[in-house]
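First the structure, in the form of structure tokens, and then the observations on it.
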Amino acid sequence: MATSSERRIPNDGLEMKDFFPVGSGVGIRGPVAEVNPSERDLGRGATYHIETYGCQMNVADSELVRSILNDRGYREVPDRDTANILMVNTCSIRDKAERKVLTKLSSFRKQKLRLRKDRRPIVCVLGCMAERLKTRLLEEMLLADVVVGPDAYRDLPRLLSIVRDGDSGAKAYNVQLSLDETYADLRPVRTSGNGVSAFVSIMRGCANMCTYCIVPFTRGRERSRPLESIVDEITGLVEAGYKEVVLLGQNVNSYNDISSGQSNMSVTYAPGFKTVYRPPKSGRTFSDLVDAVCGISEDLRVRYTSPHPKDFPQDLIELYRTHKNLPRHIHLPLQSGSSKILERMRRGYTHEAFLELVMQMRSVMPDVALSTDIITGFCGESESDHEDTIRLVKEVEFESAFVFAYSQREKTFAARHLEDDVPRETKVRRLQEIGAAWKATALSRNLKRVGTVQRVLVEGKSDLKDGSLTGRSEFNTRAFFHTDPSDPKIRAGQFVNVHVDRASTTSLFGHLMVT
């Protein structure tokens with residue numbers, strides 16, 4: 001017999017799961033059809049049109065979506081007016097990017113309302129905005145019928161079929177984030193581009209938790225594809241004639257493949273850099289991956305983006321001595337040149353540590369071209385902090401920079417705990433001053449290349465009206481060049497030598513050198 005102090009579990013049929021709140025990551029609303037997710041022909045000839053906004057990761061994700069949909073019987077069409085499904089792959093990194101997508105979705109809604117109900121296309125929102133604005137898109141703004149986050153693309157055919165075969169007003173969504181999804185087994189369907197350069201996603205998510213950044217909330221924590229799956233995909237690209245791959249990740253050089261186990265050693269960072277989290281145990285590192293990819297073919301140019309400065313240990317820098325197919329260009333996001341602001345951003349380094357890393361790189365590659373990302377007007381940024389950034393831009397001599405005025409993103413630490421106190425007009429002025437600083441150093445470095453011969457990977461005809469061809473140099477600088485009518489025909493995908501006759505801030509101009 002139980003005593004009064006004992007707790008009895010009632011025999012009411014409830015299980016442990018019933019005592020936890022139901023998650024809001026997956027859902028169906030309205031009168032919908034039952035669908036067997038194992039069916040191979042869920043699309044049954046349905047057509048889709050996809051538009052992609054944002055970073056290279058979104059471009060790569062759209063290629064994965066094509067692979068998933070095509071495999072289930074869906075068919076892509078180039079004209080949105082003939083599509084049964086209108087898809088937008090979205091970006092949430094800045095307010096301007098979101099507003100651009102919302103404008104596009106509004107135009108889709110107007111297109112729908114002009115048609116009879118039985119002919120209205122399904123509007124599907126993919127990517128970072130899907131995860132962030134699910135409820136607003138589905139219920140408040142009525143801009144979407146299907147909403148799918150970056151880790152749920154495998155569920156897309158089922159969700160589309162549920163809504164497509166259901167009654168008017170049906171909605172479906174899946175924005176659950178994953179701890180292990182990398183889509184490593186999928187082969188992207190590449191329908192755009194020039195057939196010369198391909199994006200290859202090697203890892204997903206980010207663990208850095210910079211105070212201004214929403215990526216960990218929209219794409220989840222870091223996880224890496226097995227090294228062998230990446231090498232296999234790139235080997236196939238080489239066999240198909242591609243001459244360049246760009247390895248992609250939100251924090252690409254923190255790649256850490258633990259599919260074959262982990263060592264007892266923690267991941268090592270560049271000297272003077274730290275993280276807000278405990279360094280994970282090391283698997284196969286980014287250096288291991290780059291070494292393997294470079295070894296696939298000496299004729300394959302290997303680039304990567306976007307790295308974090310902390311993840312440049314010496315062994316990665318030393319690979320630039322070993323592999324000539326690593327071009328002499330590194331994208332090195334700075335964000336701010338003020339140590340105070342860097343601390344507030346939780347970037348894990350100082351002005352001095354960043355400059356020391358640059359010196360290490362130039363000790364191996366004296367002529368390396370560096371590009372960067374900079375945020376101006378972050379919370380509490382003073383004129384002195386701004387001047388520190390301009391000083392560092394000049395010291396490093398960046399050749400390209402993506403400069404943005406700080407845009408507060410909800411859910412981030414900065415939105416919850418810091419004040420966005422720099423006036424808009426001040427942000428714009430500082431942005432312009434930083435732009436002038438990097439453009440001056442870029443022009444100076446490009447002018448030094450006049451009279452030199454640069455190795456250029458040809459991409460095809462340029463958009464200029466002078467009949468020139470275009471490609472990119474080893475420094476990732478856009479090059480325009482002319483050929484003599486008697487020269488052999490130059491094709492996209494060839495490496496050629498170009499004599500530089502003149503230069504601008506962002507481009508080189510010259511003529512083909514025939515050997």
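- Within the structure, the salt bridge (Lys or Arg N to Asp or Glu O under 4.0 Å) test picks out the following pairs touching residues 326-350 (sequence neighbours left out): Lys340-Asp385.
- Between the side chain of Thr470 and the main chain of Ala479, a donor-acceptor pair closer than 3.5 Å is present.
- Residues meeting the ring-ring contact (aromatic ring centres under 6.0 Å, His included) test with Tyr304, sequence neighbours left out: Phe286.
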Test Cys294 against Val290 for side chain to side chain contact (heavy atoms under 4.5 Å, CB included), laying out the working first.
-> CA-CA 6 Å; Cys294 286; Val290 170; 4.0 Å; yes
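- Residue pairs satisfying the salt bridge (Lys or Arg N to Asp or Glu O under 4.0 Å) criterion with at least one member in residues 428-455, sequence neighbours excluded, are listed as follows: Glu381-Arg430, Glu383-Arg429, Glu383-Arg430, Glu397-Arg445, Glu399-Arg445, Glu399-Arg449, Arg429-Glu433, Arg455-Glu474.
- Ring centers of His499 and His511: under 6.0 Å apart, within the cut-off.
- Using modelled atom types, no side-chain atom of Asp420 and backbone atom of Ser407 make a donor-acceptor pair closer than 3.5 Å.
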For salt bridge (Lys or Arg N to Asp or Glu O under 4.0 Å), just list the numbers for Arg321 and Glu318, CA-CA rounded to whole Å, side-chain angles, deciding distance to a tenth of an Å, and then say yes or no.
-> CA-CA 6 Å; Arg321 296 189 199 268; Glu318 288 295 330; 2.6 Å; yes
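- Looking at heavy atoms from C-beta onward, Ser339 lies out of side-chain contact with Asp388 at the 4.5 angstrom threshold.
- With salt bridges taken as basic N to acidic carboxylate O contacts below 4.0 Å, none links Arg362 and Glu395.
- Counting only distance, with no hydrogens or angles, the side chain of Asp373 and the backbone of Gln335 share no donor-acceptor pair below 3.5 Å.
- Atom CG of Leu143 sits about 9.5 Å away from atom NZ of Lys112, to the nearest 0.5 Å.
- Between Phe402 and Phe404, the ring planes are parallel. Angles under 30° get that label, and only those over 60° would be called perpendicular.
- From Thr211, atom OG1 reaches atom CG of Asn208 across 11.5 Å, with rounding to the nearest 0.5 Å.
- Counting only N and O atoms by type, the side chains of His331 and Ser371 include a donor and acceptor under 3.5 Å apart.
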Would Leu332 and Leu357 count as a side chain to side chain contact (heavy atoms under 4.5 Å, CB included) if you check the C-alpha gap in whole Å, the side-chain angles of each, and the deciding distance to 0.1 Å?
-> CA-CA 10 Å; Leu332 197 61; Leu357 176 61; 4.1 Å; yes
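- Gln111 has its side chain within reach of Leu86: a pair of non-hydrogen atoms, C-beta onward, lies under 4.5 Å apart.
- Counting only N and O atoms by type, the side chains of Asp81 and His49 include no donor and acceptor under 3.5 Å apart.
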Check the pair Asn446, Leu508 against side chain to side chain contact (heavy atoms under 4.5 Å, CB included), reporting the backbone distance first and the verdict last.
-> CA-CA 7 Å; Asn446 270 346; Leu508 305 174; 3.8 Å; yes
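- The ring pair (Phe, Tyr, Trp, His ring centres under 6.0 Å) analysis of residues 458-480, with sequence neighbours excluded, yields the pairs Phe480-Phe509.
- When side chains are defined from C-beta on, Lys310 counts as touching Thr275, because their heavy atoms get closer than 4.5 Å.
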CA sep, side-chain torsions, deciding dist, call: Leu512, Leu469, side chain to side chain contact (heavy atoms under 4.5 Å, CB included) | CA-CA 10 Å; Leu512 180 70; Leu469 299 176; over 6 Å; no
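- Counting heavy atoms from C-beta outward, Thr305 and Val252 have side chains that stay 4.5 Å or more apart.
- Atoms CG and CG, on Asp288 and Asp257 in that order, are 9.0 Å from each other to the nearest 0.5 Å.
- The heavy-atom pair separating Trp438 from Ala401 by the smallest distance is CD1-CB, 3.5 Å.
- In this structure, the side chains of Ile390 and Ile434 come closer than 4.5 Å at one or more pairs of heavy atoms.
- With sequence neighbours excluded, the residues that form a side chain to side chain donor-acceptor pair (under 3.5 Å) with Asp61 are Arg204, Arg219.
- Between Glu244 and Arg472 there is no salt bridge, since none of the side-chain N atoms of the basic residue sits less than 4.0 Å from a carboxylate O of the acidic one.
- At a cut-off of 3.5 Å, with distance as the only test, no side-chain donor of Ser254 or His308 sits close to an acceptor on the other residue.
- Looking at Thr52 and Ser62, their side chains do bring a donor and an acceptor atom within 3.5 Å of each other.
- Between Arg303 and Val245 the shortest side-chain heavy-atom distance does not fall below 4.5 Å.
- Each of Ile50, Asn58, Val88 was evaluated against Leu126; a single residue qualifies, Ile50, per the side-chain contact (heavy atoms from CB on, under 4.5 Å) test.
- Remark: the backbone N or O of Ala440 is not paired with any side-chain donor or acceptor of Ser444 at under 3.5 angstrom.
- Under the ring pair (Phe, Tyr, Trp, His ring centres under 6.0 Å) criterion, the residue pairs touching residues 357-395 are Phe378-Tyr406, with sequence neighbours excluded.
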